[in-house]
Amino acid sequence: MFEKKNKLFAIIVAVSLLTVLISFQDSNAASQGKDVIKIRMVGTLPVGHHLTDALNLYKKYVEEKSQGRVIVEIFPAQQLYNDKDLVSVLPRGAVDMAIANLDMWAGLNPSVSFLTMPLIFDSEDHFYAVAHGEAGDIINGEFLKVNCKTLGWIQYGTADIISKEPYATLEDFKGKRVRAYGQMCQYFLEALGMAPTMMSSSEMYQALQKGTIDLAMSGLTSFVSRKLYEVAKYVPDVTLSYNAGAFGTVANLDFYNNLPKDIQKILDDGALEIENFTRERAKEATVKSRQILLDNGVTFLKISDEQLANWKARTLPVMKARLKENYDSDKVDIMFDALEKHK
């Protein structure tokens with residue numbers, strides 16, 4: 001009898017100790033959970049696109065470098081918001097971060113239109129030197145005013161023109177109907193003598209097929225993914241923009257400022273990591289797309305240096321004047337001076 005009581009007592013003690021241990025572990029886990037920083041981060045491109053891959057890479061980088069102190073919840077492919085929505089929801093903190101199409105922010109931050117201007121950058125390296133210099137500082141300063149902070153730039157890809165006929169000179173372009181995207185793109189095409197119309201990329205194929213438009217401005221990768229080579233066979237062999245749309249990694253400023261300094265640095269370093277990643281991936285995709293277009297009978301039209309100089313002379317003053325209408329004239333001059341400084 002006594003032995004049975006001892007065994008029962010031992011069992012009760014063991015169960016009690018186990019309960020206390022589990023309770024302590026749960027309490028400790030809950031306490032640690034309070035220290036975990038959760039970031040809700042949005043992307044708008046489809047799953048499989050390299051900008052969506054960049055979201056996944058950013059999540060992995062930040063979580064590993066923070067050793068679990070940060071959890072990044074990603075929402076790609078417009079699961080929460082589209083490009084236009086982000087302009088209103090990110091400043092007010094409905095989400096914490098995003099890979100955003102900055103062209104959509106021109107109404108809130110007119111300075112960002114500078115990065116979307118065709119033909120002002122000589123190369124991709126030129127674009128990033130300017131974006132990381134004085135011009136980028138000005139643009140980020142304007143984002144701070146609307147409670148956002150740019151942590152880095154994102155490479156979407158090039159901007160180019162595809163057409164049904166071999167249009168290559170200012171005379172060829174005159175009066176031709178062309179698909180446009182973004183405000184600066186529209187001003188650029190108008191200055192070339194064309195009649196731009198704003199149109200979704202998903203509408204380009206049918207519009208070219210039916211003759212609603214004569215040309216479309218997008219990127220080589222888009223010409224392939226949308227199979228525009230089936231209805232248009234000519235591409236002027238000149239890169240109009242080295243970062244179509246000018247995407248960036250953007251954070252809500254209040255959220256960012258409330259983070260520990262070491263976590264801020266991890267987010268900053270992660271933004272540079274995915275900037276470099278997207279530059280490489282976009283370059284690979286552009287080279288591959290060019291070859292696919294050639295294989296499908298597309299002709300890349302040689303543009304003479306003289307003709308290209310005419311394009312620039314016709315368009316750059318117009319775009320600069322338009323930007324000065326909507327933004328600080330002195331700061332516009334500083335940004336254009338940066339173009340020469342970083343060549």
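Small disclaimer: the values here were computed from a predicted structure and weren't measured.
For the pair L86/M104, no side-chain contact is recorded, criterion being any heavy-atom separation below 4.5 Å from C-beta on. At least one side-chain heavy atom of I263 sits under 4.5 Å from a side-chain heavy atom of S66. In this structure, V42 and Q79 have side chains that are not in contact, with every pair of non-hydrogen atoms separated by 4.5 Å or more. For the pair F114 and L339, the minimum side-chain heavy-atom distance is below 4.5 Å. The closest side-chain heavy-atom distance from E284 to K288 is not below 4.5 Å. Side-chain contact between K324 and D333 is present, with heavy atoms from C-beta onward closer than 4.5 Å. Between V332 and K320, some side-chain heavy-atom pair lies under the 4.5 Å cut-off. At least one side-chain heavy atom of V89 sits under 4.5 Å from a side-chain heavy atom of R92.
In this structure, the ring of W105 has its center less than 6.0 angstrom from the ring center of F143. If you look at Y156 and F247, their ring centroids are closer than 6.0 Å.
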Start with the C-alpha gap between T299 and V235, add the side-chain angles, then the distance that decides, and say whether side-chain contact (heavy atoms from CB on, under 4.5 Å) holds. CA-CA 6 Å; T299 298; V235 174; over 6 Å; no
Candidate pair V298 and Y234, rule side-chain contact (heavy atoms from CB on, under 4.5 Å), full reasoning: CA-CA 6 Å; V298 171; Y234 299 94; over 6 Å; no
Hey, mind stepping through L170 and Q307 against side-chain contact (heavy atoms from CB on, under 4.5 Å) and telling me if it holds? CA-CA 8 Å; L170 291 175; Q307 189 61 226; 3.7 Å; yes
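Rounding to the nearest 0.5 Å gives a distance of 11.0 Å between OG1 of T278 and CG of D53. Atom-to-atom distance recorded for L151:CG and E275:CD is 11.0 Å, nearest 0.5 angstrom. Distance check, rounded to the nearest 0.5 Å: CG of L323 to OG of S111 gives 8.0 Å. Rounding to the nearest 0.5 Å gives a distance of 13.5 Å between CZ of F127 and OG1 of T239. A distance of 8.0 Å separates CG of N243 from CG of L115, quoted to the nearest 0.5 Å. Atoms CD and CD1, from Q67 and I266 in turn, are 8.0 Å apart once rounded to the nearest 0.5 Å.
Each of T221, D237, T158 was scored for a side-chain hydrogen bond (donor to acceptor under 3.5 Å, both in side chains) with R290, with one residue passing: D237. When each of L55, V62, N56 is tested with V72 by the rule side chain to side chain contact (heavy atoms under 4.5 Å, CB included), just one qualifies, namely V62. With respect to Y205, the side-chain hydrogen bond (donor to acceptor under 3.5 Å, both in side chains) criterion is satisfied by exactly one of K210, R226, E230: E230.
In this structure, K331 pairs ionically with E142, as a charged nitrogen and a carboxylate oxygen lie closer than 4.0 Å.
Under the 3.5 Å distance criterion, with hydrogens and angles disregarded, a donor-acceptor pair is assigned to the side chains of H342 and E134. With hydrogens and angles left out, the side-chain atoms of H50 and E280 include no donor and acceptor closer than 3.5 Å. Under the 3.5 Å distance criterion, with hydrogens and angles disregarded, a donor-acceptor pair is assigned to the side chains of T169 and E171. Checked by atom type, the side-chain pair T44/D83 shows a donor-acceptor distance below 3.5 Å.
The local environment of NZ in K65 is sparse, with at most 12 non-hydrogen atoms from other residues, nucleotides or ligands closer than 6.0 Å. Counted within 6.0 Å of CD on Q206, heavy atoms from surrounding residues, nucleotides or ligands total 12 or fewer; the atom is thus considered open. Within 6.0 Å of CD on E306 lie no more than 12 heavy atoms contributed by other residues, nucleotides or ligands.
Residue pairs meeting the ring-ring contact (aromatic ring centres under 6.0 Å, His included) criterion with at least one member in residues 296-335, sequence neighbours excluded: F173-W311. Residues in residues 71-82 take part in no salt bridge (Lys or Arg N to Asp or Glu O under 4.0 Å) pair, two or more places apart or across chains. Sequence neighbours left out, the pairs with a member in residues 262-273 that pass salt bridge (Lys or Arg N to Asp or Glu O under 4.0 Å) are R69-D262, K265-D269.
A single hydrophobic cluster is seen to contain both M41 and L259, as judged by linkage of ILVMFWY side chains at heavy-atom distances under 4.5 Å, directly or through other members. By the rule that hydrophobic residues join a cluster once side-chain heavy atoms approach within less than 4.5 Å of another member, L301 and L240 end up as members of separate clusters. When the side chains of ILVMFWY residues are joined at heavy-atom separations under 4.5 Å, either directly or via intervening members, M204 and V178 end up in two distinct hydrophobic clusters. When hydrophobic clusters are built by joining Ile, Leu, Val, Met, Phe, Trp and Tyr residues whose side-chain heavy atoms come closer than 4.5 Å, directly or via intermediates, I334 is grouped together with V112. Hydrophobic clustering keeps Y242 apart from I162 (ILVMFWY residues linked when any side-chain heavy atoms are closer than 4.5 Å, directly or through intermediates).
Between A282 and Q155, the closest heavy-atom pair is CB-CG, 3.5 Å. Scanning all heavy atoms of the two residues, the minimum distance from G270 to Y58 falls at C-CE1, 3.3 Å. Nearest approach of L90 to N252, heavy atoms of both residues: O-ND2, 2.8 Å. When all heavy atoms of V238 and D160 are compared, the closest pair comes out as O-OD2, 3.8 Å. Closest of all the heavy-atom pairs between L51 and L45 is CD2-CD2, 4.0 Å. Taking all atoms of both residues into account, the shortest heavy-atom contact from C148 to V250 is CB-CG1, 3.8 Å.
With hydrogens and angles ignored, the 3.5 Å screen pairs a side-chain donor or acceptor of D172 with a backbone N or O of A168. Between the side chain of K312 and the backbone N or O of I120 there is no donor-acceptor pair closer than 3.5 Å. Not one N or O on the side chain of S163 forms a donor-acceptor pair closer than 3.5 Å with the backbone of P166. With hydrogens and angles ignored, the 3.5 Å screen pairs a side-chain donor or acceptor of N296 with a backbone N or O of I292. The backbone N or O of A246 lies less than 3.5 Å from no partner atom in the side chain of W153, so there is not a single donor-acceptor pair. Without hydrogens or angle criteria, T249 side chain to A271 main chain gives no donor-acceptor distance under 3.5 Å. Listed for the D214 side chain is a donor-acceptor partner under 3.5 Å among the backbone atoms of R177. Checking side-chain atoms of E203 against main-chain N and O of S200 turns up a donor-acceptor pair under 3.5 Å. In this structure, S218 contributes its side chain and S222 its backbone to no donor-acceptor pair below 3.5 Å. Remark: side-chain polar atoms of T116 are not paired, donor with acceptor, to backbone N or O of D103 under 3.5 angstrom.
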Check residues 179-197 and write down every donor-acceptor pair under 3.5 Å in which the side-chain atom is one partner and the other belongs to a residue at least two apart or another chain.
unit_1	atom_1	unit_2	atom_2	d
R179	NE	M199	O	2.8
R179	NH1	M217	O	2.8
R179	NH2	M199	O	3.1

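Scanning for side-chain hydrogen bond (donor to acceptor under 3.5 Å, both in side chains) contacts around S289 gives an empty result, with sequence neighbours left out. Residues passing the side-chain hydrogen bond (donor to acceptor under 3.5 Å, both in side chains) test with K174, sequence neighbours excluded: none.
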